[in-house]
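The structure presented is a predicted model; accordingly, all values stated were derived computationally and were not measured.
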Amino acid sequence: MAAPCINRCGIFFRSISRTAFRRCNITAANLMCTNSGDRNPPQGTPIGGSQSPGSGNGGSTSSAQSSNGSSQSYTQSSEQQAKFSEGEVEDEEIPEESEEEFQTKQAILKASLPFVHQYGWTKKAIVAGAESIGMPSMVHGMFPRGGVELVFYFYEECNQELSTILKEKVQELKEKDEKIKTGSFIQNAIESRLKMIIPYIDKWPQAMAIQTLPQNAVQSWTNLSRVVDDIWFYAGDRSNDFNWYTKRVSLAAVYKSTEIYMLQDSSEDYLDTWCFLENRLEDVVKAGHLARNIQESQSVLSEGAKGFCLMTRNILGMNNR
């Protein structure tokens, strides 16, 4: 009886691994489709790959059965195991959201934003938004994550708006035959993106707290990386080495620190925030220059040390030996 049990466990785990691998491939494919061309990071090994279905022997028949019922049950189990091992049983299909459902959800989330001032980034705001466009309050069941989905909807909409603004700006400069001034372009881009938060500034600390929750961390970082990637791309960055990462991490740090500073800024039109942003960008530039200077200094010191050693050997006559 040990052999059938072991075989049954092996087939069970192979089935789980195939399903998990398939879902990972779907997720990876969706993420890779968000960027294209030069916007992709430096490529290493390809994501995913081919995987052949698991194969193995079917369940062996038992030499003795206690009753006809148990014998029939065991035979059916063996047949199912054989189908699993031969790859005849298809993976469970992952239900996909229809276009109509997606559009309905988008309409509800858009209608919910005006109620954020009253209810915050919560399911109550979604219910109020649904009722405002003539939908029943029970429609909130379409949003199992509650206010989290409202936060991410707003963030993604702002990202798309920023992308449109930057694209139009680049096109305008191209028509005027003017070159992009990277520093001012990046500063204006971050300022434009942060100004989109101002209408909800009173409730934005709650949104930031929601984004920092462990279960929301991956999507939060994805949204932030989209902001900095768009800015660098339209600023003309086409790096394909390690600088691709360092530039985006540095800009993400500047963006988040300025966002936090803006929450406590009481100056008129947030002038202190924009001064803070300008200073942080200057710090990044200085840090880059410092890093290059240190690298050059290390090279000079290294050559100087070699020259000093050679001179010492000449003085001592060691090079004549």
Would you call the rings of Phe154 and Tyr200 parallel, tilted or perpendicular, where under 30° means parallel and over 60° means perpendicular?
perpendicular

Where His117 and Pro114 come nearest, the two heavy atoms and their spacing
CD2-O, 3.7 Å

From Tyr270 OH over to Leu263 CG, what is the distance, rounded to the nearest 0.5 angstrom?
8.5 Å

Think Arg280 forms a cation-pi with Tyr261, using NZ or CZ under 6.0 Å from the six-ring centre and within 45 degrees of its axis?
no

Kindly indicate whether the side chain of Leu173, heavy atoms from C-beta on, has any atom under 4.5 Å from the side chain of Lys179.
no

Basic-acidic side-chain contact under 4.0 Å: Lys195, Glu191
yes

Could you tell me whether the side chain of Phe233 reaches within less than 4.5 Å of the side chain of Arg238, counting heavy atoms only?
yes

Rounded to the nearest 0.5 Å, what separates atom NZ in Lys169 from atom OG1 in Thr164?
15.5 Å

Less than 6.0 angstrom from the centroid, inside 45 degrees of the normal: does Arg248 satisfy that with respect to the ring of Tyr245?
no

Answer yes or no: is there a donor N or O on one side and an acceptor on the other, between the side chain of Arg226 and the main chain of Trp221, under 3.5 Å?
no

Connected via hydrophobic side-chain network under 4.5 Å: Val249 and Val284:
no

What verdict does the side chain to side chain contact (heavy atoms under 4.5 Å, CB included) test give for Gln219 and Glu156, after you've listed the backbone C-alpha separation in whole Å, the side-chain angles of each residue and the deciding distance to 0.1 Å?
CA-CA 10 Å; Gln219 189 169 353; Glu156 292 167 3; 3.3 Å; yes

Heavy-atom pair with the smallest gap, counting every atom of Glu149 and Leu109:
O-CD1, 4.2 Å

Do Met135 and Thr104 have side chains that approach each other closer than 4.5 Å (heavy atoms only, starting at C-beta)?
yes

Can you tell me how far NZ of Lys256 sits from CD of Gln211, rounded to the nearest 0.5 angstrom?
5.5 Å

Between Ser257 (side chain only) and Val254 (backbone N and O only), is there a donor and an acceptor less than 3.5 Å apart?
yes

Do side-chain atoms of Trp121 reach the backbone of Val148 as a donor and acceptor pair under 3.5 angstrom?
no

Checking side chain to side chain contact (heavy atoms under 4.5 Å, CB included) for the pair Met208/Glu259: CA distance, chi angles, key distance, verdict?
CA-CA 10 Å; Met208 293 185 67; Glu259 181 182 19; 4.0 Å; yes

Is Val127 reachable from Val116 through a run of hydrophobic residues whose side-chain heavy atoms are each under 4.5 Å from the next?
no

Residues, nucleotides or ligands: over 12 heavy atoms within 6.0 Å of Glu100 CD
no

Within a 6.0 Å radius of atom CD on Gln215, are there more than 12 heavy atoms belonging to other residues, nucleotides or ligands?
yes

Find the distance between CD1 (Ile186) and CD1 (Ile180) and round it off to the nearest 0.5 Å.
10.0 Å

Asn243 backbone acceptor or donor facing Asp241 side chain under 3.5 Å:
yes

What distance do Tyr255 atom OH and Ile260 atom CD1 have between them, rounded to the nearest 0.5 Å?
11.0 Å

So if you build clusters from Ile, Leu, Val, Met, Phe, Trp, Tyr with side-chain heavy-atom gaps below 4.5 Å, do Phe276 and Val285 land together?
no

When rounded to the nearest 0.5 angstrom, what is the spacing between OG in Ser192 and CG in Leu166?
7.5 Å

Using modelled atom types and a 3.5 Å cut-off, is there a donor and acceptor pairing between side-chain atoms of Asn216 and backbone atoms of Ile210?
yes

Is there side-chain contact between Leu251 and Leu281, with heavy atoms separated by less than 4.5 Å?
yes

Sub-4.5 Å side-chain heavy-atom contact between Phe115 and Ile126:
no

Within a strict 4.5 Å, meaning less than it, do heavy atoms of the Trp232 and Ser239 side chains meet?
no

Considering non-hydrogen atoms only, spot the tightest contact between Tyr119 and Ala128 and give its length.
CE1-CB, 3.9 Å

Counting only N and O atoms by type, is there a donor-acceptor contact under 3.5 Å from the side chain of Ser163 to the main-chain atoms of Gln160?
no

Donor-acceptor pair between Trp274 and Gln187 side chains, under 3.5 angstrom
no

More than 12 foreign heavy atoms under 6.0 Å from NZ of Lys203: is that the case here?
yes

Thr258, Asn188, Asn159 screened by side-chain hydrogen bond (donor to acceptor under 3.5 Å, both in side chains) with Arg193, the one that passes:
Asn159

Tell me the closest heavy-atom pair linking Gly120 and Ala125, and the distance in Å.
O-CB, 3.5 Å

Would you indicate whether the side-chain heavy atoms of Arg145 and Phe152 approach each other to under 4.5 Å?
yes

So, for Thr273 and Met262, which heavy atoms are closest and what is the spacing to 0.1 Å?
OG1-CA, 3.5 Å

Closest heavy-atom pair, Gln106 versus Glu157, reported as atoms and distance to 0.1 Å, is NE2-OE2, 4.1 Å

